[in-house]
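The structure displayed is predicted, hence computed values, not measured ones.
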Amino acid sequence: MDEDFSRIVGNKQILFKGYIEGVPKESDMEFKLGNGMKLEAPKGSGAFLVKNLYLSCDPYMRGRMRDFHGSYIPPFVPGSVVEGFGVSKVIDSDNPNFKPGDIVSCFTGWEEYTLLRNTEQLRKVQPDDIPLSYHIGLLGMPGFTAYAGFYEVCAPKRDERVFVSAASGAVGQLVGQLAKLHGCYVVGSAGSKQKVDLLKNKLGFDEAFNYKQEPDIDAALKKYFPEGIDIYFENVGGAMLDAVLVNMRVHGRIAVCGMVSQAGIGASDQQGIRNLFSLVPKRVKMQGFLQSDYLYLFPRFVEQVGSLYKEGKITYLEDMNHGLESAPAAFAALFTGKNVGKQVVCVART
């Protein structure tokens with residue numbers, strides 16, 4: 001049904017309650033019916049009003065819940081609407097570049113309707129046979145993180161041995177599939193039997209293991225990589241990273257995407273890494289990165305990965321929650337391992 005632009009609506013919203021120290025909980029956010037808003041973009045504003053369809057739950061957002069201003073992105077403001085990546089439909093516009101009916105992948109509010117002015121990291125989505133929600137997953141920030149990290153930071157070669165931690169997540173699942181398509185041997189770790197089965201039977205990993213059932217991660221890595229690891233795509237940190245370091249091959253590469261095991265741990269309790277000296281004799285390159293460093297590659301990424309998906313060469317796992325009110329629980333699930341694949345919230349389908 002088309003929107004009635006003369007209506008004043010109560011805009012459902014998810015608010016950030018206040019700064020946290022530990023792992024995010026559902027109670028750190030609040031579902032609220034916001035003040036009435038008119039469904040139109042103010043004349044002369046250059047803005048455009050969108051109806052949010054799909055919202056992305058991403059681990060980096062946990063960093064925005066801390067009272068810390070030294071990161072690459074500022075913290076959320078207590079009492080304000082949570083922000084993140086989304087797929088939205090333009091319903092009214094005072095911007096000549098956007099017209100009602102346009103679908104956009106953008107940085108938006110966790111609410112039903114958002115007035116947008118900033119067009120950075122915003123792109124129009126041409127509807128096709130790729131699900132719209134995939135534009136905040138496979139063809140969005142997580143997918144591009146996998147693409148840039150694997151090809152630009154890891155610089156892979158055919159027949160190399162690749163290890164991916166948190167391999168069933170939004171990023172890891174694509175890293176593994178890109179590595180297989182590149183001709184590499186790929187092993188992933190995950191936190192449940194269900195996820196391990198998905199890695200091996202649906203996503204095409206050569207091997208996978210449940211790290212929670214391995215009393216000795218070093219021994220597990222030696223089992224799956226008897227000749228060592230050429231590439232490690234790091235999503236976990238802590239004991240996993242420590243074990244990987246002693247199993248790297250000479251001239252190996254480690255792309256540091258995230259360290260979810262350290263999320264919610266205070267600075268004084270962060271786990272130290274004992275095996276860093278392994279980098280020296282093995283001449284291992286270990287590099288942190290942000291997908292935003294490589295945005296010039298984004299058009300090529302969308303074309304290549306979109307084509308691979310349409311050709312049936314890539315599968316993508318998505319964990320969909322329905323209703324804006326489910327967003328806080330969906331986000332908190334990222335840090336307990338409950339989600340399987342990319343965590344998405346469906347606010348509306350059209």
Side-chain angles (χ1 to χ4, degrees), residues 57 59 129-131 133-134 136-140 142-147 149-151 154 156 158-217 219-227 229-236 240 243-244 247 255 257-258 260-261 304-321 330 333-344:
C57 297
D129 54 354
I130 296 178
S133 60
Y134 279 25
I136 47 173
L138 177 65
L139 296 180
F144 186 53
T145 299
Y147 181 91
F150 182 63
Y151 289 118
C154 297
R158 185 176 179 82
D159 295 325
E160 287 195 310
R161 302 155 183 83
V162 178
F163 177 48
V164 185
S165 57
S168 68
V171 176
Q173 59 174 299
L174 183 56
V175 173
Q177 292 180 87
L178 292 175
K180 283 300 300 174
L181 289 169
H182 201 74
C184 298
Y185 166 77
V186 186
V187 177
S189 67
S192 72
K193 181 181 184 300
Q194 175 196 16
K195 292 178 181 180
V196 168
D197 290 343
L198 286 169
L199 290 173
K200 293 199 292 187
N201 301 322
K202 193 173 181 67
L203 298 177
F205 283 58
D206 292 292
E207 293 287 351
F209 65 89
N210 181 351
Y211 70 90
K212 293 180 180 178
Q213 294 184 338
E214 296 290 346
D216 186 337
I217 299 297
L221 293 174
K222 283 180 167 55
K223 172 185 174 182
Y224 293 109
F225 296 97
E227 298 179 22
I229 301 167
D230 293 297
I231 290 172
Y232 173 43
F233 201 96
E234 164 70 304
N235 293 307
V236 170
M240 183 70 77
V244 167
N247 285 281
C257 175
V260 72
S261 73
Q304 290 183 355
V305 174
S307 295
L308 289 170
Y309 174 78
K310 291 175 184 178
E311 293 166 10
K313 295 179 179 178
I314 280 180
T315 298
Y316 202 66
L317 302 178
E318 193 175 60
D319 199 329
M320 182 80 74
N321 282 49
L334 290 176
F335 301 91
T336 60
K338 291 181 181 177
N339 65 301
V340 178
K342 169 61 187 165
Q343 188 70 64
V344 177

Trainee: Taking the side chain as every heavy atom from C-beta outward, state whether Val162 and Val164 have any pair of such atoms under 4.5 Å apart.
Mentor: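 Of all side-chain heavy-atom pairs linking Val164 with Val162, at least one is under 4.5 Å.
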
Trainee: Quick check: do Met240 and Ser165 have side-chain heavy atoms less than 4.5 Å from each other?
Mentor: yes

Trainee: Considering only distance and modelled atom types, tabulate donor-acceptor pairs under 3.5 Å from the side chains of residues 180-195, sequence neighbours left out.
Mentor:
residue: Lys180; atom: NZ; partner: Asp206; partner atom: OD1; Å: 3.0
residue: Lys180; atom: NZ; partner: Asp206; partner atom: OD2; Å: 3.1
residue: His182; atom: NE2; partner: Pro156; partner atom: O; Å: 3.2
residue: Tyr185; atom: OH; partner: Tyr224; partner atom: O; Å: 2.9
residue: Ser192; atom: OG; partner: Lys195; partner atom: N; Å: 3.1
residue: Lys193; atom: NZ; partner: Asp197; partner atom: OD2; Å: 2.9
residue: Lys195; atom: NZ; partner: Gly337; partner atom: O; Å: 2.8
residue: Lys195; atom: NZ; partner: Asn339; partner atom: O; Å: 3.1

Trainee: Looking only at heavy atoms, which two atoms of Glu227 and Arg161 are closest? And how far apart?
Mentor: OE1-NH2, 2.6 Å

Trainee: Enter the distance from Phe163:CZ to Asp230:CG here, rounded to the nearest 0.5 Å.
Mentor: 14.0 Å

Trainee: In Å, rounded to the nearest 0.5 Å, how long is the span from CD1 of Ile229 to CG of Asn247?
Mentor: 5.0 Å

Trainee: Is the shortest heavy-atom distance from the side chain of Leu138 to the side chain of Ile314 under 4.5 Å?
Mentor: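 Yes, close enough: below the 4.5 Å cut-off.
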
Trainee: Can we call the ring centroids of Tyr134 and Tyr316 under 6.0 Å apart?
Mentor: yes

Trainee: Taking C-beta and beyond as the side chain, do Asn210 and Glu214 meet within less than 4.5 Å on heavy atoms?
Mentor: no

Trainee: Which distance, rounded to the nearest 0.5 Å, do you find between the OG of Ser168 and the CG of Leu203?
Mentor: 8.0 Å

Trainee: Starting at CD of Gln177, measure out to NZ of Lys313 and round the result to the nearest 0.5 Å.
Mentor: 13.0 Å

Trainee: Would you indicate whether the side-chain heavy atoms of Val344 and Asn321 approach each other to under 4.5 Å?
Mentor: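 Result no, sub-4.5 Å side-chain heavy-atom pair not found.
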
Trainee: Would you indicate whether the side-chain heavy atoms of Pro142 and Leu174 approach each other to under 4.5 Å?
Mentor: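 No, side chains not in contact.
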
Trainee: Rounded to the nearest 0.5 Å, what's the gap from CD on Gln304 to CG on Leu178? Could you check?
Mentor: 9.5 Å

Trainee: To the nearest 0.5 Å, what is the distance between CG (Leu198) and CG (Leu317)?
Mentor: 5.5 Å

